[in-house]
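Read through the structure below, which is laid out as structure tokens, and then see the notes.
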Amino acid sequence: MVVSGDMGIPGRENGIPGHAGPPGPALWWTEQGTGEPLVLLHGGLTDARFFSGNVPALADRFRVYTPDARGHGHTPDVPGPITPELLLQDTVAFLTHVVGGPAHLAGHSLGGATALHVALRYPGLVRRLILISASIRPPGPRASDSPWPGLADLVRFLGPRYGEVSPDGQAHFPVVASKVVTMLAGEPALAPAELGGISSRTLLMAGDEDAVSLDDTLVLYNGIPECELAIVPGTSHFLLREKPALCNAIMLDFLTGAAVPAVPPVRRASAGRSKLR
């Protein structure tokens, strides 16, 4: 059975309890399955439908929550910018008031950046962590990258799908797209040294043709103490949709199994760490 909700989060009328900030939206989400909670955070300018090929398999073992971020999918936009801090606090509120406590947390792209910050600042809310096509740098265009679609292209390609479910209508999509592009252009990078503060066992996934460079992926892999790496062959930034069965199997193995000791733990040995965990 699939359950959806748009009742909002208690206390969001005036921002996150204990945090200053503008009012938050009434987040919309679905939940499916039973078991330990698993929250999936979609990337920028997509929505929970991005995980359509993943939720059924994951829901066989977990209670899977798929919230739509502010201004995305079924969740309405609110006045003011969209910022990493607001996405972080929306997620913390969702975990606290909807899920009711700690959960496994998986995020794709911008959702991965949000999940990373939650794990750093609110470690008690994160069980196991999955970062998919994530980076410590903003997941936006850089001069050295392959061509990045301009705002007009984003509006043309993604606007109709946004309009299918958004309560604000397709005409509002350029506003949201502009907010997200502005956020990504101004978002500072994390320092690699900060990654050592992540205490959750972590799975890092990326496509071998991902928009996130392998160098950026390895910064995460080398910086997070309890990190495992999966490069999915023949896939891009949209690996979850391109090879859902393989990605689902990798995620389920990580979420349900114990870590297998590496023999010998060569990569970690020089850093004074061990894969034996």
Side-chain angles (χ1 to χ4, degrees), residues 1-44 46-51 54-55 58-59 61-132 165-168 176 179-180 183 197-200 202 255:
M1 180 178 67
V2 179
V3 177
S4 63
D6 59 359
M7 297 174 61
I9 296 174
R12 288 302 283 137
E13 297 80 12
N14 297 305
I16 298 293
H19 295 269
L27 294 182
W28 181 94
W29 74 91
T30 67
E31 57 184 277
Q32 182 175 342
T34 59
E36 295 178 352
L38 168 62
V39 178
L40 306 180
L41 303 179
H42 64 79
T46 62
D47 55 61
R49 293 175 293 173
F50 184 82
F51 299 112
N54 314 110
V55 170
L58 297 173
R61 299 292 299 271
F62 297 93
R63 187 165 193 82
V64 180
Y65 295 83
T66 52
D68 280 343
R70 58 172 59 215
H72 290 69
H74 297 77
T75 297
D77 191 21
V78 294
I82 296 174
T83 68
E85 180 66 20
L86 290 175
L87 295 176
L88 166 71
Q89 298 299 344
D90 287 346
T91 304
V92 170
F94 185 83
L95 290 167
T96 302
H97 296 293
V98 178
V99 178
H104 302 299
L105 192 58
H108 172 258
S109 194
L110 179 59
T114 300
L116 181 65
H117 282 88
V118 173
L120 279 168
R121 291 175 54 183
Y122 299 89
L125 288 176
V126 181
R127 296 183 181 182
R128 296 186 184 182
L129 177 66
I130 301 178
L131 305 176
I132 307 157
V165 297
S166 172
D168 298 317
V176 173
K179 288 183 181 184
V180 171
M183 173 182 61
I198 296 178
S199 57
S200 300
T202 301
L255 290 169

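Residue numbers start at 1 and run along the sequence shown.
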Quiz item: Hey, are the side chains of P37 and E31 touching, using non-hydrogen atoms and a 4.5 Å cut-off?
Solution: no
Exercise. Report the residues that fulfil ring pair (Phe, Tyr, Trp, His ring centres under 6.0 Å) with H74, sequence neighbours left out, ordered by chain and then residue number.
Key: W28
Practice problem: Specify the closest pair of heavy atoms between G124 and P102, including all atoms of both residues, with the distance to one decimal. | Solution: O-CG, 3.2 Å
Quiz item: A48 and P67: which non-hydrogen atoms are nearest, and at how many Å?
Solution: CB-O, 4.4 Å
Self-check item: Straight-line distance of I132 CD1 to N54 CG, nearest 0.5 Å
Solution: 7.5 Å
Quiz item: Which atom pair, heavy atoms only, marks the closest approach of G112 to L131?
Solution: O-CD2, 3.5 Å
Quiz item: Are any of the side-chain heavy atoms of P81 and M183 separated by less than 4.5 Å?
Solution: no
Quiz item: What residue among E36, H104, R61 forms side chain to side chain contact (heavy atoms under 4.5 Å, CB included) with L255?
Solution: H104
Quiz item: Do side-chain atoms of H117 reach the backbone of A115 as a donor and acceptor pair under 3.5 angstrom?
Solution: no
Quiz item: Pick one: which of L105, L125, V126 meets side chain to side chain contact (heavy atoms under 4.5 Å, CB included) with S200?
Solution: V126
Quiz prompt | Between CZ on residue F50 and CG on residue L40, distance to nearest 0.5 Å | solution = 11.0 Å
Quiz item: Tell me, do R121 and V92 make a side-chain contact under 4.5 Å, heavy atoms counted?
Solution: no
Quiz item: Between D168 and D77, is there a donor-acceptor pair closer than 3.5 Å when you use the side chain of the first and the backbone of the second?
Solution: yes
Practice problem: Among L87, T91, L41, find the one that has a side chain to side chain contact (heavy atoms under 4.5 Å, CB included) with V118. | Solution: T91
Practice problem: Side-chain contact test, heavy atoms from C-beta onward, threshold under 4.5 Å: evaluate it for T30 versus V55 and give yes or no. | Solution: no
Quiz item: Looking at CG of L129 and CG of L116, how far apart are the two atoms once the value is rounded to the nearest 0.5 Å?
Solution: 7.0 Å
Self-check item: Main-chain N/O of D68 paired with H42 side-chain donor or acceptor, under 3.5 Å
Solution: no
Self-check item: Separation of Q89 CD from T96 OG1 (nearest 0.5 Å)
Solution: 9.5 Å
Self-check item: Atom of I198, atom of A119 and distance for their closest heavy-atom approach
Solution: CG2-CB, 4.3 Å
Quiz prompt | 4.5 Å side-chain heavy-atom contact, T46 and H108 | solution = no
Exercise. List the atom of L120, the atom of G197, and the distance in Å for their closest heavy-atom pair.
Key: CD2-C, 3.9 Å
Quiz item: Any idea which heavy atoms bring D90 and R70 closest together, and the distance?
Solution: OD2-NE, 2.7 Å
